[in-house]
Amino acid sequence: MEEPAPHLLPFDRAVLARPAPEVAPLLLGAQLTHASAQGTVAITITEVEAYDGERDPASHAYRGKTARNAVMFGPPGHLYVYFSYGMHWCANIVTGPAEYASGVLIRAGRVTWGAPLARQRRGMAVPEHHLARGPACLTQALGIDRTHAGTDLLGGSALTLSPRPDSQVVTTANGPRVGVRLAADVPWRWWIAGDPTVSSYRRNHRASP
DNA sequence: ACGCCGATTCTC
DNA sequence: AGAATCGGCGTC
């Protein structure tokens with residue numbers, strides 16, 4: 001007998017309409033689920049970074065609205081997907097009110113459903129806690145790419161964001177964001193303390209000392 | 001039109 | 001420390 005699919009309760013859009021640095025830690029422990037034709041993969045979010053609109057030098061929205069970052073200027077709860085280094089996809093949850101271009105990069109997660117499919121996508125030799133460790137590994141494990149750009153995560157689509165269960169307690173830590181050259185010391189990365197699925201910190205090699 | 005470089009990852 | 005690999009964005 002097949003087990004039931006993960007319970008899906010949409011995240012509160014009013015919460016996501018708050019500023020990215022406020023929303024980011026609230027997303028730790030939340031669940032992101034992708035139900036595709038291949039099957040369903042779900043993760044518990046363990047690491048995030050906030051990017052706070054046109055005022056944030058590290059944000060893709062720093063120099064204003066373009067075709068690439070347009071989704072970030074839209075309403076909260078949608079998915080901003082961007083292509084990185086010619087080979088990787090990374091996913092952000094748009095936050096803040098419409099026209100305020102902020103978002104939270106989902107950097108890592110623990111696979112809680114569909115591990116066999118996630119491993120098929122990531123490579124059979126990849127250890128369990130590395131299946132969604134790092135933003136590009138996470139999208140690969142979940143099967144997220146350009147076709148999911150702009151998806152409403154609260155709108156009953158294949159991609160769904162569910163809140164952290166009230167019973168689940170998480171201890172968070174925070175520090176500077178990974179790999180950014182500008183604003184390299186702003187501590188807008190949050191993670192679940194001690195969790196092995198969290199990626200490792202690397203400072204941008206060109207960031208000011 | 002041209003060139004640099006990145007919210008990365010993997011290997012040496 | 002360096003490669004892979006390409007689209008976006010600034011500059012000429």
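In the text below, chain A, chain B and the rest are named by the order of the sequence lines, each starting its count at 1.
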With a 4.0 Å cut-off on heavy atoms, is [X] in touch with a base, just the backbone sugar-phosphate, or nothing at all?
X	value
A:Arg177	nothing
A:Ala136	sugar-phosphate
A:Arg189	nothing
A:Arg202	base

How many Å lie between [atom1] on [X] and [atom2] on [N], as a whole number?
X	N	atom1	atom2	answer
A:Trp89	C:dC6	CH2	C1'	11 Å
A:Phe83	C:dT5	CZ	P	11 Å
A:Met87	C:dA3	CE	C1'	8 Å
A:Tyr82	C:dT5	OH	C1'	16 Å
A:Asn69	C:dG10	CG	P	11 Å
A:His205	C:dA3	NE2	P	12 Å

Looking only at side chains, do A:Glu54 and A:Ser59 share a donor and an acceptor under 3.5 Å apart?
-> no

Short side-chain donor-acceptor distance under 3.5 Å, A:Ser199 and A:Arg107 = yes

Between which nucleotides of DNA chain B, 5' to 3', does chain A make heavy-atom contacts below 4.0 Å?
-> B:dC5 to B:dC10

Could you give the distance separating C:dA3 and B:dC4 at their P atoms, to the nearest angstrom?
-> 15 Å

Using the C1' atoms only, state how far B:dC5 lies from C:dG2, rounded to an integer number of Å.
-> 15 Å

Side chains of A:Pro163 and A:Asp12: does their closest heavy-atom pair fall under 4.5 Å?
-> no

A:Arg121 versus A:Gln38: any side-chain heavy-atom pair under 4.5 Å?
-> yes

Ionic contact status for A:Asp56 with A:Arg177, cut-off 4.0 Å = yes

Presence of salt bridge, A:Asp185 and A:Arg203, under 4.0 angstrom = yes

Working for ring-ring contact (aromatic ring centres under 6.0 Å, His included), residues A:His60 and A:Tyr82 | CA-CA 10 Å; A:His60 288 170; A:Tyr82 71 91; 4.6 Å; yes

Roughly how far apart are A:Ile93 CD1 and A:Ser102 OG, rounded to 0.5 Å?
-> 12.0 Å

Between A:Arg122 and A:Glu49, which has a closest nucleotide on DNA chain B that is more 5'?
-> A:Glu49

Give the dot-bracket string for DNA chain C, reading 5' to 3', where a pair is Watson-Crick or G-U wobble with both distances under 3.5 Å, ( ) marks pairs inside the strand, [ ] marks pairs crossing earlier ones, | marks a partner on another strand, and . marks unpaired.
-> ||||.||||||.

Where the side chain of A:Asp195 meets the backbone of A:Ile192, is there a donor-acceptor pair that is under 3.5 Å apart?
-> no

